[in-house]
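Here's the structure we're looking at; comments come further down.
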Amino acid sequence: MQESYDPAAVERAAQEHWDGSGTFAAREIPNRPKYYCLSMFPYPSGRLHMGHVRNYTIGDVLARFMRMQGRNVLQPMGWDAFGLPAENAAMQNGVPPARWTRENIAYMKRQLRSLGLGIDWRRELATCDPEYYRWNQWLFLRMLEAGIAYRRTGIVNWDPVDQTVLANEQVIDGRGWRTGALIEKREIPMYYLNITRYAQELLESLETLSGWPERVRLMQANWIGRSEGTEISFAYAGDLERQMGGPGALKVFTTRADTLFGATFMAIAAEHPIATAVAAGDPRIAKFVADCGRGSVMEADLAVQEKQGLRTGLHVLHPFTGRPIEVWVANYVLMGYGEGAVMGVPAHDERDFEFATRSGIPIETVVKSASGAYDTVVAPWQDAYGEHGITVNSGEFSGLGFQAAVDAIAAALEARGIGRKRVQFRLRDWGISRQRYWGCPIPLIHCASCGDVPVPDEQLPVLLPEDLVPDGSGNPLGRTSAFFACACPKCGGTARRETDTMDTFVDSSWYFLRYASFDNAQAMVDERARYWMPVDQYIGGIEHAILHLLYSRFWTKVMRDLGLPSVDEPFSNLLTQGMVLNHIYSRHPAEGRRQFFDPAQVTTSERDGTVRHTATLPGGEVVEVQYDGLGTMSKSRNNGVDPQRLVERFGADTVRLFVMFTAPPEQTLEWSDEGVLGASRFIRRLWTAVHEHVRAGAAAPLDVGALNEGQKAMRRIAHQTLAKVTDDIGRRRTFNTAIAAVMELLNALGRFDDGSPQGHAVRQEAFGIVITALSPIVPHVCHVLWQALGHDRALIDEPWPAADAAALVQEQIEISVQVNGKMRARVGIAAGADEATVRGIVLADERVQKFIGAASPRKVIYVPGKLVNVVV
RNA sequence: GCCCGGAUGGCGAAAUUGGUAGACGCAAGGGACUUAAAAUCCCUCGGGGGCAACCCCUUGCCGGUUCGAUUCCGGCUCCGGGCACCA
């Protein structure tokens, strides 16, 4: 037994025990309640970062806790191994993405193992392994058969210099990140998954996800964006009819059919067929449409750009009044949503109001508030009235409330066959085609005579060649005939293989099912998935609140509907962990790019009230740097903290303790080097305290009936702590307060200097509680200290103890006393005292009397066992 | 721009269902031990007033509900996450 704490030795011993006895190898055990604990698998970027450490520690704490609570736990790990960073690294270093990725996996796996996570490593998978991605391809073909996967065109960012499609991330201020060229939008053929078919179910079953944070459910609901509205067809006026070469109608979708009589313009997207037709004969419109075709496709960019529009001079007719309404081409109308056209009602829509005011379009009020407070005609200096109200100036539909007006107008439109009520979702179908190399090949073959032919199942997987090195211009698969040259499966003629690969969100949409069927070479998933699914606890970053989680929910449902062993919802409980932030320091040299500095290397000084930050350049020159606030740790900002160095210096337990203690899991965590020292100090103090206790000799059996007041009090604290930790970890997931409670218990044990045999027995029990309670968080040191306390069985195999209710009983309790809501006194009362007794004691108290004075109590509020408020 | 969060001492935070604001820890200051340093241990530690008992103020800002608000409601400010090809 070591007298001084040696983290490396302790962690080696504990990990050797767990590995040697196969502690974390999970098996399906029919009659034990299972607990599938899953952390979002990492992208193998090269090194573990603090966000990973936080994520996997949270998962490990829960997995170990639930295991001790008697659950049959599965905690697997894998690698989200396809993606853009591998191609970027390949371009920089000339190394194929496959090699870079596999080397990173090997290194990061060693790092993960050093953290002492209770993972069943037999189930490890990497999405770049053909044994994994073959099932992406297989299921894609099933989706194609089921009509869930289909082909159509989509718009991408096009770099005209590199002749390549760019990811949104690679577009900076509308320019290509490598070429600096102005980005264009380009329409190309792509494959889509029909997630909108599932929109209603995805929305409805959010309500069943009671184990998900409310905010994530809200975000998903808003993302799916169900709105009930009316589709209205506006017939072409004569001028538009001539332009389009015949009669027709402009279709719009609106949630405000009640404002139909206030429509004073129509706005169509630049990509709308009418805009295209008009542009052919009008250079101004053509230029405007072309301008809209520049820049990135990102919605955030589109939303902040100034609302612009041009009048076409062409009209549609109001369905009830027959009045001509002018059609405008506008950059703020999205072709991808609804019909790509909207009716403009400036009086009752903020955006339309802004556009109309600037463009000199008339504003006509057709809704007034029910109270009549807002019933004048809107003038340009006023604002749009967007609330629901009573219709006015709306012909036969005047004087109706919102719903009545919508119903009546929709019915009248429907009777004439020019409109109907329908539901519109904001959610769009999922485009999965990527014009990139390092991803899962889409299993299709293009044949000049047969068209798009699916790759037959027996030819799967379509193997991705692993020796290519991308160069930034186009997809290298498209230049590799060994990959794309193939025979058509139907006619046998010369054909070309699809060179697009799948979105990496596909890979991560079902990996949790594969962990349960990890060694099955014959099927994507098998019956074992029914045992383990759904995931009982999923843990990952809040940044995945919408896309990854929504795609996974969709994919799981598709697998269910295709008859595979799957579930309705993949994740019963979700914990969204906050980001790990660190300070950012940078400077702009006179020439070249902005430089970022490692916060650990920045010196901060203060003189005359001015704070200065300085850093030393590689050449030795000391320069002033600016503080840019807190931000996520990233390589590009040079503010990452390497977990590996901390583990080597302090041990994994210290790092785990720090990340769990510093902030509750859902909150952002600000990095602090000093905090790590504090965590290390606490573990050493625990080590010393346990060894001092053990040196005092073996403890007598605890006789709870024979304890004196001091011993009872000590025992009460120990059991209160146990109850609190059990609740904090098991229910509240506030690991920080669990740790704080154990710290208090250890402090109390330090003050408890009872040398009697029963005192020693109380201490033995309390140290056992300290070590057990901390063991999910700092498992190595607790494993070893548990042995030091004289136990033979490994702590991880012990059941989680229940707090002794008898030990928690308190005879005397303290009541807080307020006078007029202000804290004035504390009084001790017997635990069972009734309200009258408590009132008597409180009102008789001289401190209370002082504040009441001559006044008589008007009201006395009593919160049993807690507080009395005397109102005078 | 839209959707979703957050803001409490010098710092990270706690206060679980509307009921003692600042637990626990970090930093700082003082002391003990030591030849010395490190380590360790003890004390102080939101602001103001008072010899003291004790009193007043304080949870981003403004307003409201309540006997009582860090907690609920309305309106802001700033920071963070997401916005469909980063993962």
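A, B, ... follow the sequence lines: proteins, then strands. Residue 1 opens every chain. Worth saying up front: this structure is predicted, and the values here are computed from it rather than measured. Both backbone and side-chain heavy atoms feed into the values below; hydrogens, waters and symmetry mates do not.
A search for side-chain contact (heavy atoms from CB on, under 4.5 Å) contacts involving F41(A) returns D80(A), L125(A), T127(A), S508(A), Y511(A), Y515(A), not counting sequence neighbours. Shown here are the salt bridge (Lys or Arg N to Asp or Glu O under 4.0 Å) partners of D503(A), two or more places apart in sequence or in another chain: R434(A). With sequence neighbours left out, the side-chain contact (heavy atoms from CB on, under 4.5 Å) criterion links R152(A) to Y150(A), Y192(A), D429(A).
A donor-acceptor pair shorter than 3.5 Å can be found between the side chains of D500(A) and Q435(A).
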Footprint string (nucleotides 18-26 of chain B, 5' to 3'): B base within contact, S backbone only, - free, heavy atoms under 4.0 Å: -BBS-BBSS
Contact letters for nucleotides 3-9 of chain B, in which S counts primed atoms plus P, OP1 and OP2 and B counts the base, heavy atoms under 4.0 Å: SSS----
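Scanning atom types as modelled, no donor and acceptor separated by under 3.5 angstrom connect the side chain of E299(A) and the base of C2(B).
In this structure G30(B) sits in the anti conformation; its chi angle is more than 90° from 0.
Residue S433(A) is in base contact, counting any heavy-atom pair closer than 4.0 Å across all strands shown. No contact: P42(A) has no heavy atom under 4.0 Å from any strand.
No close placement of the F735(A) and F661(A) rings is indicated, their centers lying 6.0 Å or farther apart.
Ion pairing between a basic and an acidic side chain is recognised when a charged N comes within 4.0 Å of a carboxylate O; R847(A) and D845(A) show such pairing.
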Per-nucleotide pairing state of RNA chain B [Watson-Crick or G-U, under 3.5 Å; [ ] pseudoknot-crossing; | other strand]: (((((((..(((......[....))).(((((.......))))).((((....))))..(((((..]....))))))))))))....
